[in-house]
Trainee: 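One structure, as structure tokens, below. Some questions next.
This one's a predicted model, so the numbers in the text were calculated from it and none came from an experiment. Both backbone and side-chain heavy atoms feed into the values below; hydrogens, waters and symmetry mates do not.
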Amino acid sequence: MVDAESAKSLTLFTRQRCSLCEHLALALDLLRIRYRFDYTKIDVDTDPALTERYGMRVPVLVDQGREVCAGRCDPETVEAYITAS
């Protein structure tokens, strides 16, 4: 388990009716059962700058400005990132 001081706070850039986005959000919800981290979902279509930046690349998972994954995000890769110190 990640300790409270090093708990990650991730941002998930998504859009509505995106099955890849829904899949990654579900994977994150399931991983939160076992690991301590937070994530915030942001719909890129609510901000023209985000829509331009991410386009159709969603979902995009970001940690402190560092892109963890984009598009088809493998839950095992995300889990490895979350558990890395």
Side-chain angles (χ1 to χ4, degrees):
M1 171 88 63
V2 177
D3 67 36
E5 290 184 21
S6 64
K8 297 183 184 321
S9 182
L10 309 172
T11 303
L12 177 59
F13 293 98
T14 67
R15 67 173 18 104
Q16 292 184 15
R17 293 178 298 283
C18 168
S19 61
L20 292 174
C21 299
E22 292 169 4
H23 182 258
L24 183 54
L26 176 61
L28 289 170
D29 288 340
L30 292 173
L31 287 169
R32 286 181 64 200
I33 295 169
R34 296 185 357 209
Y35 305 105
R36 171 177 256 146
F37 70 93
D38 293 313
Y39 78 96
T40 302
K41 285 173 46 174
I42 298 176
D43 185 337
V44 299
D45 293 327
T46 63
D47 181 331
L50 291 176
T51 302
E52 184 174 329
R53 180 175 182 175
Y54 293 110
M56 297 305 291
R57 289 185 58 228
V58 294
V60 179
L61 185 62
V62 175
D63 181 18
Q64 298 180 24
R66 178 177 180 264
E67 191 173 295
V68 176
C69 66
R72 218 172 259 291
C73 297
D74 176 27
E76 288 81 22
T77 301
V78 174
E79 181 175 15
Y81 179 80
I82 290 169
T83 60
S85 39

Trainee: Less than 4.0 angstrom from a charged side-chain N to a carboxylate O is my criterion; do Arg17 and Glu22 meet it?
Mentor: no
Trainee: Out of curiosity, Thr83 OG1 to Phe37 CZ, how far, rounded to the nearest 0.5 Å?
Mentor: 10.5 Å
Trainee: With distance as the sole test, does Thr51 use its side chain to make a donor-acceptor pair with the main-chain N or O of Val44 at under 3.5 Å?
Mentor: yes
Trainee: What pair of heavy atoms forms the shortest contact from Leu12 to Cys21, and how long is it?
Mentor: CD2-O, 4.5 Å
Trainee: CZ of Arg72 to OG1 of Thr77: how many Å apart, nearest 0.5 Å?
Mentor: 13.0 Å
Trainee: Give a yes or no on whether a salt bridge exists between Arg57 and Glu67, defined as a side-chain N under 4.0 angstrom from a carboxylate O.
Mentor: yes
Trainee: Can you name the nearest heavy-atom pair linking Pro75 to Leu31, along with the distance?
Mentor: O-CD1, 4.3 Å
Trainee: Side-chain contact, heavy-atom cut-off 4.5 Å: Val58 with Leu20?
Mentor: no
Trainee: So, Arg15 and Asp43, do they make that salt bridge, N to O below 4.0 Å?
Mentor: no
Trainee: Could you tell me which non-hydrogen atom of Cys69 sits nearest to which non-hydrogen atom of Val78, and how far apart they are?
Mentor: SG-CG2, 4.0 Å
Trainee: Sort out for me which residue in Val62, Asp38, Ile82 forms a side chain to side chain contact (heavy atoms under 4.5 Å, CB included) with Leu10.
Mentor: Ile82
Trainee: For Pro59 and Cys18, work out which heavy atoms get closest and say how close.
Mentor: CD-SG, 4.5 Å
Trainee: Is Tyr39 linked to Phe13 within one hydrophobic cluster, defined over Ile, Leu, Val, Met, Phe, Trp and Tyr using a side-chain heavy-atom separation of less than 4.5 Å?
Mentor: no
Trainee: After noting the C-alpha distance and the side-chain angles of Thr11 and Leu61, does the key distance pass the side chain to side chain contact (heavy atoms under 4.5 Å, CB included) rule?
Mentor: CA-CA 6 Å; Thr11 303; Leu61 185 62; over 6 Å; no
Trainee: Are Val68 and Tyr35 grouped together when hydrophobic residues (ILVMFWY) are joined by side-chain heavy atoms under 4.5 angstrom apart?
Mentor: yes
Trainee: Distance under 6.0 Å and angle within 45° of the ring axis: does Lys8 meet both against Tyr81?
Mentor: yes
Trainee: Once you round to the nearest 0.5 Å, how far does CZ of Arg32 lie from CG of Leu30?
Mentor: 11.0 Å
Trainee: Return the CD to CG distance between Glu79 and Leu28, rounded to the nearest 0.5 Å.
Mentor: 11.0 Å
